[in-house]
Each structure stands twice: as C-alpha cells, then as structure tokens.
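Just so it is clear, the model here is predicted, and its values are computed rather than measured. Start at 1 and go down the list; that is how both ligands and their atoms are numbered.
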Amino acid sequence: MNKTLLLNEFSKIQDDDSWYEFEKRHFEILRDVPSKDLDEIDREYRRKPFILNGILWKPVPKCDLINEDIKFLHWKLRHEIFARLDPEAAAENAAHPERYERWCLYCGICTKEISITTCPICEHELLNLPLNDK
Ligand SMILES: [Zn+2]
C-alpha cells in the first residue's frame with residue numbers, strides 16, 4: 001500500500017459511503033484479525049500497571065497479530081473522517097477530554113494524564129482511547 005496515494009484518496013472522501021468503500025478496500029485485513037495464542041493473551045492480561053516519570057500507566061492488552069502501523073493509520077483516519085463527516089459530534093468530543101485516556105497502541109499502555117502526547121517508551125503519538133471503548 002502506497003501511503004501517499006492512500007492519503008490522497010482519503011483526502012477526497014466526503015461521505016459515509018465513500019469512506020465505507022475506502023475502508024473496505026484498504027483495511028480489509030482488520031476485519032478478520034488473527035489472534036495471539038492463549039498463553040500470549042494470558043500474559044497480556046497479567047501485565048501490571050506501572051509508574052513512569054510520576055505518571056500511572058495501565059496495560060491495554062494487545063491480543064491480535066495485526067501490524068501496529070496499519071492499526072495506527074486506520075485509527076487516525078477513522079478519527080479524521082469522523083471529524084470531517086460529523087464535525088459537531090467531533091467538537092463535542094473534543095470539548096470533553098475527560099472521556100478519554102491517552103493510549104500508546106504500540107506499547108499497549110494508557111494513562112489518564114491527558115497532557116501527554118507522545119509515548120515515553122517508544123515515542124509514538126498517543127491516541128485518544130474512549131473510556132467506554134475498552
Ligand atoms: Zn509506546
């Protein structure tokens with residue numbers, strides 16, 4: 001998948017139907033997600049919260065084997081298209097940062113400390129994880 005072409009195509013989407021088609025075409029892989037084996041999943045769920053630089057981080061179990069870059073891109077585009085197609089709802093969400101945790105998809109950790117924008121471990125951008133979405 002060429003990311004420049006993909007983003008160019010993405011920038012032209014103006015309605016739900018074309019987003020649906022786009023998502024189906026480029027992110028089909030996320031529909032049928034291969035799982036880790038049970039031992040690995042068990043290990044994911046046994047990870048403990050920890051404090052780093054005075055901030056509490058909680059584990060977010062990573063139970064599938066999908067490439068993180070694809071998941072990250074999909075997550076970003078999904079939020080961007082939501083803001084584009086439903087700006088009022090997106091503004092409403094943005095006005096309530098307390099409804100989210102900051103989440104590193106790569107490390108599988110999250111924090112309620114909303115001022116943090118990059119992961120202290122891997123330096124990837126943190127995403128907004130809705131509190132009711134786990
Ligand atoms: Zn990280």
ask   = Under 30°, 30 to 60°, or over 60°: which ring-plane class applies to F22 and F10, parallel, tilted or perpendicular?
value = tilted
ask   = In terms of the angle between their ring planes, are W75 and W103 parallel, tilted or perpendicular, with boundaries placed at 30° and 60°?
value = perpendicular
ask   = Can E9 and H26 be counted as having a side-chain donor-acceptor contact under 3.5 angstrom?
value = yes
message = I'd like to know whether OH of Y20 has more than 12 heavy-atom contacts from other residues, nucleotides or ligands below 6.0 angstrom.
response = no
task = Everything protein-side that's N, O or S and under 2.8 Å from the Zn ion (ligand 1): list it, residue and atom.
result = C104 SG, C107 SG, C119 SG, C122 SG
Hydrophobic cluster identity match, I70 and L7, side-chain contacts under 4.5 Å = yes
key: Partners meeting side chain to side chain donor-acceptor pair (under 3.5 Å) with S18 (sequence neighbours left out)   = D15
